[in-house]
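First up is the structure itself, then whatever we jot down about it.
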Amino acid sequence: MTLHRTAPAWLALAAATIMGAQTALAAQTSITVGMQLEPPNLDPTGGAAAAIDEVVYANVFEGLTRYRADGSVAPALAKSWTISDDGLVYSFTLHSGVKFHDGSAMDAEDVKFSLDRARAEDSTNAQKRLFTGIASVDVVDPMTVKITLSNPDGGFITNLAWGDAVIVAPESIDAAKTAPVGTGPFTVSRWVQGDRVELARNPDYWGDAVALEKATFKFISDPTAAFAAMMAGDIDAFPGYPAPETLPQFDADPRFRVMVGSTEGETILSTNNKAEHLSDIRIRQAIAHAIDRQAIIDGAMFGFGTPIGTHFAPHNPDYVDLTGGSMHDPDRARALLKEAGAENITLSLKLPPPSYARRGGEIIAAQLREVGIGTEIENLEWAQWLEQVFRGKDFDLTIVSHTEPMDIGIYANPDYYFQYDSADFQGLINDLKLASDPAERKSLLQAAQRRIADDYVNGYLFQLARTGVANAKINGLWENAPTQANDLTGVSWSD
Amino acid sequence: MRQVTSAFVKMPTSLIVGIMLTSLFLVAALVSFLWTPHAVESLNIAARLQPPSGDHLLGTDHFGRDMLSMLMVGARTSIAVAIVAVGIGMGLGVPLGLLAAAHRGGWLDDLVMRGNDLVFAFPSLVIAILITAVFGPSAFNAILAIGIFNMPVFARVTRGSALAVWTQDFILAARVSGKGAARISVEHILPNIANVLIVQGTIQFSLGILAEAGLSYVGLGAQPPLPSWGRMLADSQTMISFAPHLAVLPGLAIIATVLGLNLTGDGLRDLLDPRLRRQR
C-alpha cells in the first residue's frame, strides 16, 4: 500500500529531474574536454610536458603576448609596446586593474620577477633559450616595464607568447605545481590526480568575460576508452583525439563535428647521432631512404598528416619542401648500407604510447627490414621513455612528435637527446638570433632546414594533424594548434 | 547415446570435441613454421582492412597483413608461451609437491606449502604485470610470470594426490623392502598420480593461453612484430565498428582454444579416473 501511494510522487520527482536536466542542457555553461595525457604538474614555467600548457595556457596563465587560433601573436597582459630603433629596448605598457586569482595586483614587478626567474642560472624553465637574449628587465613604473636585449631579436615578441613565458607572482609561485595562481579567466578549482582538472570562471577577470562557468579536463589515455567516452557524451570535446581511424564515424554522425587542423608537431624518427652505427651519415641516409612516408601516414594516422623532409611546419611561410632528398628508395638504402659495411645491423626502436608511435613503429620496422636493418621494438610508457630515451639517451631510434612551435633551435643543442653536434648549424642559429630583417631570417631558417635534412639527423616523417572531435553545438574551439593549448576563452555552446 | 559412444571408441564426447578443437590450432601453429598464406612480416598498407576474399581468406588487418597468417603465427606464440610456462610449473611444482608429501608433517612440508600459500596470496595477473613492468615486456618474461604461478598449483595437486597414495599398502611393502622416500616417490607415487597431473596440465595449459592473451592485450606479452592473439584484439578495438573481423577472429581463436583444452581436460579426467569410469 505504501508503495502505491509513494510511487506517483517518486515518478513526479524523476520527471522533474529529467526536465531539470533538459533546461540545464539548453543553457549549458560547462564543458568537459578530453586529453590523452595528464600533466605532471600545473606550472608551465617549470615543466616541459605539453599537457601542462594544454590545461593552463590562456585559461589560467597569461603572458605579455599570446598566440591566437590562427597562429598570429596578439597583445595579452601588455596593452602595447614600443621597440627602440636599434631593436634592443622593448618598452611594454601593461593593462591596469589586472589581478591574480589570489587578489593581488599584477604589475611591472611581477613581470620582472617572472622573466628574471625564467632566465636565472638555476631556472628550471623548459625553454630557457627563449630568454637567453635578455640583458636586463627594468621596472619603469608599476604599469611600464623595459626589457633590454643583448642583441636584436626579431622573434622576441613571439617568444613572449609561449606558455613558458607566462607571468607569475612571487607570492604564489612556490605552490604553482599543484595550485597555480595566474591572471587568466579561469581558476583551478580542483585537481583529482589521475582523473581530471576542474576550472571555474574567475569572476574578477580583467579582460572580456568568458561564456563558460566551468571547465573540466578529463584524462583518458586509452584510444578505445576515448572513443567510448566521446560516443556516450561523457566528453564534450576531444581536441587531440587519439583514434583517427574512428573519425569517419563521427563525421557521419550529426551530433559531432570533426576538426582536422594543423599542429606544430613534427613527427620524426629520432635518431641517436652518437650511437654505434648511427654516427655514420650513410646509415642515417639509408634509413631515410628506407622510409615510405605515405605508407606511415596512411597506416598509422589513417591518412591524416603531411609528409615533411625537415624539422619545420609545412604551413609556415618559411618552409622548404625537402622530402625529395629522402625519397622512398630501398635500392639506394641497400647500396648505402653496403657501402657503410653495415648490412646486417639491429637497432633498438623504443616507442612511447601514442598511436602514431606504436603503429608507425611497426610500419617503420617492416620498412627497415626490407632493406636489411633489423629492429628490436620496445613499447614504453611516457615515464620510462623520458627516463631512458630523453634523459638517458639510451636508444638507437624512437618516434616522437615535437609539438613546440618553431623549435628547429633544438638542433643547436648538442646535449639534446638525439645528440646532433654541428658547428655549422649552431652558427646558423646564432646568426638567426641576431637577425631581425625578415628576408635575412627567412634565408637563415631555410639554410637551417637544409642543413639538418642534408645531414639526415633524424628520419623526418610527417607533420602531425590535429584531429579533434567535438559536440556539434560547441563553438570557438581551436581547429589548429599553433602552440600547445586548449584555449577555452572563446568557447561557448549554441542554443 | 553414451552406450553408442562407448561401444564405438570408448571416449567421452567432450574429449573428442576437445581434441579436435585443440589439434586444429596445434596443426595451424605447426604448419605456420613451414608455410603461411602470406608473410606476416610484410605490410601492405594499400590493401588494409579488406573483408574476406579469395586471396585473403579471412581478410586483412589495419596494416594489410593477412589475418589467416596472423592467426596461425599467433597460435604458435600462444601455444609456445603456454607450453613452456606449464613446463616450468610442472618441472618445479611436481618435485616440490612430491618432496612435501614425502616429508608430510615435517618442517620441509611446512616450508614448501607456506611458500605456496605466499605465491597463491597474490592475484596472478597483477604479479605478472609487475614482473613484465619491472623486467620489460617480452614473450620471455611473460613465460616466466605465467610459469611461476603454475608452480604452486602443481605442487599442491601433487602433494594432495601423493598423500593419498602414501597410505596404500603397496607403498608400505616398498618401504619394508628398503626403498628410500625419494625412490618410492619416483617409482611408485609418480606413476599413480600421473593421470591427475595430466588433467591438471591440460587445464593449466588453457589458463596459460588466457594469461598470455591477457598480458599481450595490455601490451606486456609478446612484442611486435611477433603476432599475438591478445595484441591483435587490443589493436583492433577502435576499429570494431567498421572492421569487426579484426577483433572477432582472434577473440574466437582464444575462445575455441581454451574451450578445446578444457573439454580435453574434462574428457581425460573421465577417461583416466578409475572411479568415474566405474560409475558409467
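Side chains included, hydrogens not; waters and symmetry mates left out as well; all remaining heavy atoms used.
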Enumerate by number any residue of residues 198-222 of chain B whose heavy atoms lie under 4.5 Å from heavy atoms of chain A; in the absence of such residues, state 'none'. none

With no hydrogens and no angle check, just 3.5 Å: does a side-chain donor-acceptor pair link A:T323 and A:Y460? no

Looking only at heavy atoms, the pair that brings A:P40 and A:A49 closest together is CD-CB, 3.5 Å

Quick check on B:E41 against chain A: is it the side chain, the backbone, both or neither that has a heavy atom closer than 4.5 Å? both

When you measure from the side chain of B:T36 to the backbone N and O of B:H38, does any donor-acceptor pair fall under 3.5 Å? yes

Given A:R359, A:Q294, A:E378, A:Q249, the one with more heavy-atom pairs under 4.5 angstrom with chain B than any other is A:R359

Would you say B:F120 has more than 12 foreign heavy atoms packed within less than 6.0 Å of its CZ? yes

Which residues in residues 233-252 of chain B have a heavy atom less than 4.5 Å from any heavy atom of chain A? B:D235, B:Q237, B:T238, B:M239, B:S241, B:F242

Please check if any side-chain donor atom of A:Y417 sits under 3.5 Å from a side-chain acceptor atom of A:S270, or the reverse. yes

Taking A:K218 first and then A:E38, would you say they form a salt bridge - that is, a charged N and a carboxylate O separated by under 4.0 Å? no

Side chain / backbone / both / neither for A:E376 at chain B, heavy atoms under 4.5 Å: neither

Are side-chain heavy atoms of A:N272 and A:F418 found at a separation under 4.5 Å? no

Sort by residue number and list every residue of residues 47-57 of chain B having at least one heavy atom under 4.5 Å from chain A. B:R48, B:L49

Is a donor from one side chain sitting under 3.5 angstrom from an acceptor on the other, for A:R293 and A:S326? yes

Examine distances only and state if a side-chain atom of A:T271 and a backbone atom of A:L269 form a donor-acceptor pair shorter than 3.5 Å. yes

Please tell me if the side chains of A:I364 and A:I296 come closer than 4.5 Å, counting only heavy atoms from C-beta onward. yes

Under 4.5 Å from a heavy atom of chain B, the part of A:A295 involved: both

Aromatic ring centroids of A:F250 and A:Y241 under 6.0 Å? yes

Pairing of B:R156 and B:D117 as salt bridge, 4.0 angstrom limit: yes

Between A:L351 and A:L349, does the side chain to side chain contact (heavy atoms under 4.5 Å, CB included) criterion hold? Intermediate values first, please. CA-CA 6 Å; A:L351 304 174; A:L349 177 57; 3.9 Å; yes

So which bits of residues 69-89 of chain B come within less than 4.5 Å of chain A, counting non-hydrogen atoms only? none

Taking the six-membered ring where the residue is Trp, are the ring centres of B:F25 and B:W229 under 6.0 Å apart? yes

Test A:K350 against A:D394 for salt bridge (charged side-chain N to carboxylate O under 4.0 Å, His left out), laying out the working first. CA-CA 9 Å; A:K350 300 195 173 180; A:D394 174 24; 3.7 Å; yes

Donor-acceptor pair, distance only, cut-off 3.5 Å: does the side chain of A:Q36 make one with the backbone of A:F219? no

Indicate yes or no for a side-chain donor-acceptor contact from A:Q388 to the backbone of A:W385 under 3.5 Å, with no hydrogens or angles considered. no

Distance-only, no hydrogens or angles: does the A:S401 side chain make a donor-acceptor pair with backbone N or O of A:T403 under 3.5 Å? no

